[in-house]
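Quick caveat: nothing in here was measured; it's all calculated off a predicted structure.
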Amino acid sequence: MSEAKQFKYIGTRSIRPDGFDKVTGRANYGADMSLPGMIWGRTLRSPHAHAKIKSIDTSAAEALDGVFAIASHADLPAVANISIEAGEGSSNLVDLGQNVFAKDKVLYHGHAILAVAARTEAIADQAIDLIKIEYEVLTPVMDILDAMAKGAPILHDNMFTEGLAEKPTTASNVATRHEFKLGDVEAGFAAADVIVERDFYTPTVHQGYIEPHACLGRYDENGQSMIFCCTQGHFDVRASTAALLKMNLSQLKVIASEIGGGFGGKTTVYQEPVSLILSKKSGRPVKMVMERDEVFKASGPGSASRLWVKVGAKNDGTITAMQGRFHYEAGAFKGSPVMMGCMTAFTPYNLENVHVEGFDVVVNKPKVAAYRAPGAPQAEFAAEMVVNEIAEKIGMDPIELRLKNAAAEGTQTIYGPKLKRVGLVECLEAVRDSEHYKSALKENQGRGVAAGFWFNVGGQSSVNLNMNPDGTGTIVEGSPDIGGSRASMQLMAAEEMQMPAENFKPIIADTENVAFSAGTGGSRTTFATGMAVIEAAQDVIRQMKERAAAVWNVTAEQVEWSEGVAINTAGEDRLTAKQICKGADRTGGQISGRGNINARGAGPSFAVHLCDVEVDKETGKVDVIRYTAAQDAGKAIHPSYVEGQLQGGAVQGIGWALNEEYVYSKEGLLENAGFLDYRIPLASDLPMIDAIIVEVPNAFHPYGVRGVGESGIIPPLAAVGSAVSHAIGIPVTELPCSPPRVLKLVQDNA
Amino acid sequence: MAKVHVSSTVNGEVMEFLCEPQETLLDVLRNQLNMTGTKEGCGSGDCGACSVTVNGALVCSCLVLGVEAEGAEIGTVEGVSNKDQLHVIQQKFLEHAALQCGICTPGLVVSTQALLKTNPKPTEEEARYYLAGNLCRCTGYDKIIRAVMDSAETLRGDA
Amino acid sequence: MAVVDYKVAGSIEEAVSLLANAKIFTQILAGGTDLIIQTKAQANPVAVVDVKKIDSMMSATMSDSGLTLGPSMSCVEFTARKDIKAMFPGLVDAAYLIGSTQVQGRCSVGGNLCNASPAADTIPALIANGAECVINGPKGERTVSVEAFVTGVGQNCMAKDELLSAIKIAKPAAGTADAYLRFIPRSEMDIAVAGAGVSVTLDASGTCTAARVAIGAVAVTALLVPEAANALIGSKLDDAALKAAADAASNASKPISDRRGTVEFRRHVVGVLVKRAAVIAATRAKEK
């Protein structure tokens, strides 16, 4: 569609328009807003992983000077047992309410039970210390195997596994079973020359955003409410909060602050409904900011998983069958992304025979939230590790093996559609041809390669392009900017309008100032909101032509638009955008264009990563010494921010592979709820991340855009895992590759 | 609890405030002085989002009490630019796209300024280790380090 | 919660007096990088006495007899001292490892010592150098070795009305140098999973004539391991001697399993660190 087209503005590295506020500290994040009369809310959280609540006595807290209100599950209206669309999927409303406030039972260490609003945070904390709660402590289940064992404590008496041939009669901790298949894997394995099967484990991890959840809620006498909060989707906050509190959508205005990281973890609600309840009860605006330990204990995380993968191949590298069985932890309430794990695990391969089963298992940990390509990193880790092992067994280069079986246009996916044109082959070739891949390894070093697939989504976005009398314009959109998307919106408007980018100021409006927009996630923003920007610009151009036509007394068809100028093809007249806008009052009023869409045709983004590590065999320490990330962006609107997504995803994946994991005590209490002992990568841990942007245009976007936000986190788990395996000569099957684990592998196999 | 009166110089300007002894300098900057440029990421000195300088030393403001600011010179992100002129470091962060969500950026700007004052010609490794206390979850640090090295070169006049 | 009262002491005597007359639990505030976190975590009120206006607490002097270190001198200043680094490179390395650059701007060797975390980085290095603590109280001054100063997890030997006023290290004999290494899973920021401080004295032939080996993060306090030192003394730090020292260190360790490491891991790695630190110390000793 746009392959041969020369672009003037997109593809350039402009300065992001919101950047000045960010480098000076002016930008307002979730905790940066205050209102007159504001008071502070703090949350009382469960000290137990699994317990019944026997009694609650708040009398001493209520009597404390400076306490305005206390809220609990009793303040939530009864809601229907339905799903609501929010974030990157749907939530069960009853579960959501019970996660916001525990009802009768606490299901994880840190589970919110009550909230107190007081003049200061210190007073609220004091009040919380005065609240007396009696618990009947229950045995927690902290692991998939324990959760599924016979006689395991059951978290939910009404949980009967769905997706089985026969509905079970006894409750269990397995919420759902999924199954996908193509062809006949048994026949495929029978035809194989070599078969590898392995069990893998990945731990509970957190998205690790640096900004804790923060919100400021106000409920006024008229029943009108406002929430200012950091979120990836303020329309989703509105939907979830209104559903939980039984409000009309028009009663609740949500303003998205700047957001200090989300990665999927800020697509649901925790404190937002609570701040409104406390505001209603106290008559004051209520601000709630999570402490760092609360973020780890009670938000996120990403699912731990147990994965079994079996792959069969011929000696010439043809893969004949792939099979997987995946168990994912959902946390305290059902809803892990195991289904997406099933759908993505083997999708980088063109297969006839593939079979995947997935199980959603509840455990006494915080309810998982989406984490960048939710479900895919775990399953694709297992798949890619086994593919690499097959390559080694048959003596084939792991990139050549993947090229031989690469998914491409026409590949039948396990989840239904056939792939359209995709860029996996191009990514594999880019890595194969890189300087990195040609470089030699030294002693104690190992190399790993891995591929990754993510669907990307489209969805609803609304944009207004409001022109000013001086010919400049405001791009009014509703996608919170988590990584520089405003710069891309500005470039796309400039490209379509054929006018310099500085003419257009992108803003992110609140839920009352722009029409519905789905959240920023699913790698949808540059694709879908971008498409809406383009439509709005096309709408403006149409109107510009009509106004010029009216001035010249010709038809709009006789007007061309070029470089921001309307040209009369039937004569010599020209009118600039500035002139048309200045005279707009005389031709019908100010010009405003809109794009309200449900974007279809999101193109998947394939990624291929290459990692070199060095292992200190005496201590098990792993250092990443070189890293290359190639990914298909379709068309990179702003190359720097596309590279940023590739690099950021790679480093989150590296952390997942090397050191990140939730550590629990026997009693199910989280022991490392802070950045000291939840170890994300530091600047000194890493080399430069070489980002290679591959561009295989997506025919369904005017400029060829594919979302890039998520795929980058998928390959690192196996790229690092395989590199470590290669360095120590022993298969890695458990993440993270922390020093004690790696040392044990080395020592056990010495 | 009785509040303490504190007089401090913040970004060259004398400021006075009242605070309780338990309040940190971070609390004071954000809640008493309305200077929200300095961010809280963890409250325990593990992330660097709250980086400021105290008498020229780079510190985490969450690990300094507000009362300790008495008579001290505090430097925050709000003092890095000069009226409407960005500092070279801030300009380079923008040019290199060294920020995505931007929450770690104020801390990194302050820390980079401190780095380049003590070591105007850092190697990549020195820059990475100096800035190890500034966590970033979005960028993977690549573009941040490039911005830091470019800032160093520009400030030295070597560009 | 916690800090309810803040006072500034102008002298050692004033600080001791404030401690002696305290009505509630009172702690010394130097850099505060441990103290402030601890006070945030507890509900009980704490009073603090800020000692950063006392010159002798914040400075270091080197003389022919050795180093007299003000306990509250910030690490960023301490580690910039080339004269101290020349004489005690291992101790300076250990001090430099505490926290991040931001923490270095405030933290101190004395604070690290008094906080007495089992994993403190400076303590094995101080012990390896035979450092001593000068303690001031209402009854006057007393001196104890660092090994005797630290008495348990987060515990030191001082009474409520006593203050650590100086850390003294005698100038080492000719041909002596120290080294400190720690193991952490990342490259910075982490609490030591194991640590080793080693000081060796070599004669002209390169033979070790004296040594002190201290290990950290593998017991409730840092441990001086004479058996490890004895394995080095009389040798030229050949592989057999190094292995014997490493094994002695591993055998002396009493580690626990926690979120930072397992028993087996710590026991093994502390031996590796002793070996590697001894080699560095010996190289430095030869260069002197």
Hey, is [X] close enough to [Y] for a salt bridge, meaning N to O under 4.0 Å?
X      : Y      : value
B:R128 : A:D685 : no
B:K39  : A:E258 : no
A:R292 : B:D46  : no

Against chain A, label [X] side chain, backbone, both or neither, depending on which of its atoms sit under 4.5 Å from a heavy atom there.
X      : value
B:N134 : neither
B:E124 : side chain
B:L86  : side chain
B:Y129 : both
B:C47  : side chain

> For chain A, which of B:L94, B:N34, B:T76 has the most heavy-atom pairs under 4.5 Å?
Replying inline: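 The answer is B:L94.
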>> Heavy-atom pairs under 4.5 Å with chain A: which of B:G140, B:G37, B:G41, B:A132 has the most?
In response: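 Highest number of heavy-atom pairs under 4.5 Å: B:G41.
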Testing the basics here: between [X] and [Y], what is the closest heavy-atom pair and its distance to 0.1 Å?
X      : Y      : value
B:R137 : A:H206 : NH2-O, 3.1 Å
A:L686 : B:Y141 : CD1-CD1, 3.6 Å
B:C101 : A:I259 : CB-O, 3.2 Å
A:Y29  : B:G102 : OH-C, 3.1 Å
A:V23  : B:V109 : O-CG2, 4.0 Å

Any idea which of [options] has the most non-hydrogen atom pairs under 4.5 angstrom with chain B?
options                        : answer
A:E211, A:K22, A:R16, A:M688   : A:M688
A:G260, A:P212, A:A683, A:G648 : A:A683
A:G644, A:G484, A:G655, A:G649 : A:G644
A:E291, A:M33, A:Q207          : A:Q207
A:D293, A:V295, A:I680, A:V651 : A:I680

>> Apply salt bridge (Lys or Arg N to Asp or Glu O under 4.0 Å) to residues A:E643 and B:K143 and explain how you reach the verdict.
In response: CA-CA 9 Å; A:E643 287 161 354; B:K143 292 181 188 299; 2.6 Å; yes
>> Quick check: do A:Q647 and B:T139 have side-chain heavy atoms less than 4.5 Å from each other?
In response: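 In short, these two side chains do not touch, never coming nearer than 4.5 Å.
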> Under a 4.5 Å cut-off applied to non-hydrogen side-chain atoms, are B:V77 and A:T24 in contact?
Replying inline: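 No; the side chains remain at least 4.5 Å from each other.
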Roughly how far, to the nearest 0.5 Å, is [atom2] of [Y] from [atom1] of [X]?
X      : Y      : atom1 : atom2 : result
A:I210 : B:C138 : CD1   : SG    : 8.0 Å
B:E95  : A:S14  : CD    : OG    : 12.0 Å
B:M35  : A:D32  : CE    : CG    : 12.5 Å
A:S684 : B:E126 : OG    : CD    : 13.0 Å

At a heavy-atom separation under 4.5 Å, does [X] approach chain B through its side chain, its backbone, both, or neither?
X      : value
A:Q645 : both
A:P480 : neither
A:I482 : backbone
A:D21  : neither

> Does the side-chain contact (heavy atoms from CB on, under 4.5 Å) test come out yes or no for A:R26 and B:E78, once each step is laid out?
Replying inline: CA-CA 8 Å; A:R26 276 196 304 270; B:E78 287 89 350; over 6 Å; no
>> When you measure from the side chain of B:R30 to the backbone of A:A31, do you find a donor-acceptor pair of N or O atoms at a distance under 3.5 Å?
In response: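 Such a contact is found between B:R30 side chain and A:A31 backbone.
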> Can you check side-chain contact (heavy atoms from CB on, under 4.5 Å) on A:W40 and B:N31, steps first, answer last?
Replying inline: CA-CA 12 Å; A:W40 294 78; B:N31 301 332; 4.2 Å; yes
